[in-house]
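Some notes on the structure that comes next.
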Amino acid sequence: MRNLEVAKILYEIADLLELKGVEFKPYAYRRAAQTVESLSKDIEDVYKEGKLEDLPGIGKNIAQKIAEYIETGKIKSYEGLKKKMPFDFESLLSVGGLGPKKVSILYKKLRVKNLNDLEKAAKLGKIRKLAGFGEKTEKDILENIGIAKMRNERMLLGIALPIAEEIEQRLKELKEVRKVVTAGSLRRRKETIGDLDILITSSNPTKVMEYFTTMPDVKDIIAKGPTKASVRLKNGLQIDARVVKDSEFGSALLYFTGSKEHNIALRKVAISKKLKLSEYGLFKNNKQIAGKTEEDVYKKLGMPYIEPEMRENLGEMELALKHALPKIIGYNDILGDLHMHTNWSGNPNNIEDMALHAKHFGYKYICITDHTKSLAIEHGLNEKQIEKQAKEIKKVDKKLDGIKILHGAEVNINADGILDIRNETLKNLDIVIAGIHSGFKGNATERIVKAMENRNVDIISHPTGRLIQYRKGYDIDLQKLFDKAKETGTILEINSQPKRLDLNDINARAAIEHGCRLVINTDAHSTEQLNNMRLGIAVARRAWAKKKDVINTNSLDKMLKRLK
DNA sequence: GCCGTTTTCGGCCCGACTGTTTTCAGTCG
């Protein structure tokens, strides 16, 4: 899939045009880029079907450019633009405080071509002398170069979530604070988070901002006003806080939660009704007619409440206006976790530990699925050990009340697509999960397809093998995978490990549209990691999964019937 | 460059904060 490649080029064209001072076209290219970026289908397939122009934001011109890229691997006009661009616009624009205007001036006046030039010019005190620049700007640039150079990528949701919860808690303890909500991409539960956006209502905004900017782990204050402030923590995370009135809380929460694209679409709906929407409310002739709650605003715009995880302007607005939004899976709908590891394959907790911890979540069942023998590094079990484990599981299951312990295994799909455990052993297990754990460069599609054809295999774990910000994943034909999953009744996993979240939101949505069934598992290697289930559920919600699309929302009997 | 319950031309979301300015442009979200 080259969707991300295409999207990146469209974004770059937007930047290039903006630097040239072209108006409005950058907006069009960015919109097209977003469409391609979040497309669940392969852009090449859309092209082959001749349907590029059906995509939102893609017209004749951009369609032609995409076609050119798919056919020739190049876009002439883009190459031309890039050739004429004398400086490294990507890295210069990544410096906080520098936008297209300032970057252009820096090149014209000081011949700044890259971050090193920029750093030199700043250190020599040349920048402060430029019109529109000053000493503070120069100092900020120097600091922000450092940040741009070592900028850690976005933070994993699984890491950001507990940090946000802790800061929320701290703010809640102030007596001046009434409400605190972390909005932004965290509230939408995106798999990675750029910064935290915290919304507050308070009897004394100044005091809250004062506390916020002087919290113990604040490293820098980026901005500070009476109602809005930004800080950077020592761990590099940026937090924006905003204090609003109770009467504006809903509209501010909407605005602050985003996505930007969702908000723009909402504002357009407002305009079509001769209304104006901003973070201060929904206005009719300058009179606020909604704003206290998000529900109010949506209602006055003629639609029901839209769950934050769906607010990406990927079709939710159209359905909402028709009152046809799906009811997506809830955070309390999961009744069991079907993928976890124990001390049998080298992890800290035993079967009973895992079961007892799982019971806290209200689960009715779990499945123990240790690794198998070809995964030596994980102390994978062989046939004999699996049979021995079966007896142990029966014993613990008998001992514990209120939760059923099933016996499974996460078997390895070898390079030839053959499983590393004999079928005679597999058929005695309650659940067989198959996954690729080695040889990522081979033909993963064929390997997985072959595994799915095995009647003992119920679930494919982490189907694409990607690790967020670290590994791209196997080269895989997802359409083929979905076809085969549907044909054989094999369940596809949403793996809740913070680094995996695999399938991801876009692919999970495509799988559902394909008619595949999903399971949300933690793949926990300790009791602690059982807590990650909420991350997987978040992915499912972002994929618009309904309860019925996910097999482990069912009672034990019904769930078992969904297996092969 | 795209798009249409303000339709094939004329718009394109809206507002806060900052720094460098004597009223605002640029950047950000």
Side-chain angles (χ1 to χ4, degrees), chain A residues 10 13-14 16-35 52-66 77-78 92-106 127-141 144 183-185 193-199 205 209 213 221-231 238-244 248 251-252 254-283 302 313 318 321-322:
Chain A
L10 294 174
I13 295 178
L16 287 160
L17 291 170
E18 195 159 50
L19 282 161
K20 279 181 72 180
V22 178
E23 282 190 292
F24 304 116
K25 287 192 194 184
Y27 176 89
Y29 275 96
R30 289 202 178 105
R31 184 160 142 64
Q34 276 153 15
T35 296
L52 283 176
E53 285 188 52
D54 291 355
L55 299 173
I58 296 181
K60 205 173 147 215
N61 274 288
I62 294 183
Q64 246 171 32
K65 291 191 170 75
I66 295 175
S77 58
Y78 161 69
L92 289 175
L93 286 176
S94 75
V95 176
L98 291 188
K101 297 279 172 12
K102 284 193 169 146
V103 167
S104 294
I105 295 172
L106 285 166
I127 291 176
R128 67 180 75 178
K129 291 174 190 151
L130 298 174
F133 292 73
E135 259 182 68
K136 183 72 172 39
T137 309
E138 190 174 82
K139 195 174 141 262
D140 287 348
I141 286 175
N144 291 334
S185 50
I193 304 297
D195 54 29
L196 297 184
D197 303 286
I198 298 186
L199 195 63
M209 289 288 98
T213 50
I221 300 173
I222 300 166
K224 183 185 172 187
T227 63
K228 189 176 168 180
S230 296
V231 299
Q238 182 177 322
I239 312 180
D240 302 330
R242 192 138 167 187
V243 185
V244 300
E248 297 162 351
S251 45
L254 259 181
Y255 161 77
F256 235 11
T257 298
S259 68
K260 198 173 166 183
E261 292 70 32
H262 180 85
N263 286 344
I264 290 173
L266 268 185
R267 283 170 179 178
K268 285 180 178 166
V269 174
I271 291 169
S272 77
K273 295 182 186 297
K274 299 210 194 296
L275 304 173
K276 188 187 73 170
L277 178 62
S278 76
E279 59 261 53
Y280 299 110
L282 184 65
F283 295 88
N313 196 30
E318 292 78 358
L321 285 167
K322 285 191 271 183

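Throughout, protein chains are lettered first and strands after them, A, B, ... in sequence-line order, and every chain is numbered starting at 1. Atom set for the values below is all heavy atoms of this structure, side chains included, hydrogens, waters and symmetry mates excluded.
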Original post:
Which residue lies toward the 5' end of DNA chain B, A:Ser272 or A:Tyr255, if each is placed at its nearest nucleotide?
Top reply: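 Per heavy-atom nearest nucleotide, the more 5' residue is A:Ser272.
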Original post:
Between A:Pro226 and A:Glu135, which is nearer to the 5' end of DNA chain B once each is assigned its nearest nucleotide?
Top reply: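 On the 5' side of the pair lies A:Pro226.
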With heavy atoms under 4.0 Å as the rule, sort [X] into base, sugar-phosphate or nothing.
X        : result
A:Lys136 : sugar-phosphate
A:Glu23  : nothing
A:Pro26  : nothing
A:Phe256 : nothing
A:Leu17  : nothing
A:Lys224 : sugar-phosphate
A:Ile58  : sugar-phosphate

Pairwise [atom1] distance for [N] and [M], with rounding to whole Å:
N      : M      : atom1 : value
B:dC17 : B:dG10 : P     : 37 Å
B:dT22 : B:dC28 : C1'   : 24 Å
B:dT27 : B:dT21 : P     : 15 Å
B:dT8  : B:dC14 : C1'   : 28 Å
B:dG29 : B:dT23 : P     : 29 Å

Ignoring backbone atoms, establish whether [X] has a side-chain N or O less than 4.0 Å from OP1 or OP2 of [N].
X        : N      : result
A:Lys102 : B:dA25 : no
A:Thr227 : B:dG15 : no
A:Lys65  : B:dG1  : yes
A:Ser230 : B:dC28 : no
A:Asn61  : B:dC2  : yes

Please report, rounded to the nearest Å, how far the [atom2] atom of [N] is from the [atom1] atom of [X].
X        : N      : atom1 : atom2 : value
A:Glu18  : B:dC28 : CD    : C1'   : 12 Å
A:Ile271 : B:dG15 : CD1   : P     : 10 Å
A:Tyr78  : B:dG1  : OH    : P     : 16 Å
A:Leu254 : B:dG15 : CG    : P     : 15 Å
A:Glu279 : B:dG29 : CD    : P     : 14 Å
A:Lys260 : B:dC14 : NZ    : P     : 13 Å
A:Glu138 : B:dT20 : CD    : C1'   : 14 Å
A:Leu277 : B:dG15 : CG    : C1'   : 12 Å

N/O donor-acceptor pair under 3.5 Å between [X] side chain and [Y] backbone:
X        : Y        : value
A:Asn263 : A:Tyr255 : yes
A:Gln238 : A:Asp195 : no
A:Thr35  : A:Pro56  : yes

Of the listed nucleotides ([options]), which one gets closest to any side-chain atom of [X]?
X        : options                : value
A:Ala223 : B:dG1, B:dG29, B:dT18  : B:dT18
A:Thr137 : B:dT6, B:dC17, B:dT20  : B:dT20
A:Lys228 : B:dC14, B:dG29, B:dA16 : B:dA16
A:Tyr27  : B:dT27, B:dG29, B:dC12 : B:dC12
A:Ser278 : B:dT6, B:dA16, B:dC14  : B:dC14
A:Ala28  : B:dG19, B:dC2, B:dG26  : B:dC2

Nearest atoms (heavy-atom pairs only) where [X] meets [Y]:
X        : Y        : answer
A:Gly99  : A:Leu93  : C-CD2, 3.6 Å
A:Ala14  : A:Tyr29  : CB-CB, 3.9 Å
A:Ser278 : A:Ser251 : O-CB, 3.6 Å

Original post:
Should we count NZ of A:Lys101 as having more than 12 external heavy atoms under 6.0 Å?
Top reply: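 Atom NZ in A:Lys101 is not crowded, with 12 or fewer foreign heavy atoms closer than 6.0 Å.
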Original post:
So, are A:Glu279 and A:Lys228 salt-bridged, with charged N and O less than 4.0 Å apart?
Top reply: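 Not counted as a salt bridge, because no side-chain N and carboxylate O are separated by less than 4.0 Å.
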Original post:
Counting only Watson-Crick or G-U wobble pairs whose two distances fall under 3.5 Å, which nucleotide matches B:dT8?
Top reply: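 When the pairing criteria are applied, nothing turns out to pair with B:dT8, so the answer is none.
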Original post:
Just wondering, do A:Phe24 and B:dC12 stack (centres under 5.5 Å, planes under 30°)?
Top reply: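 According to the criterion (under 5.5 Å, under 30°), yes, A:Phe24 stacks.
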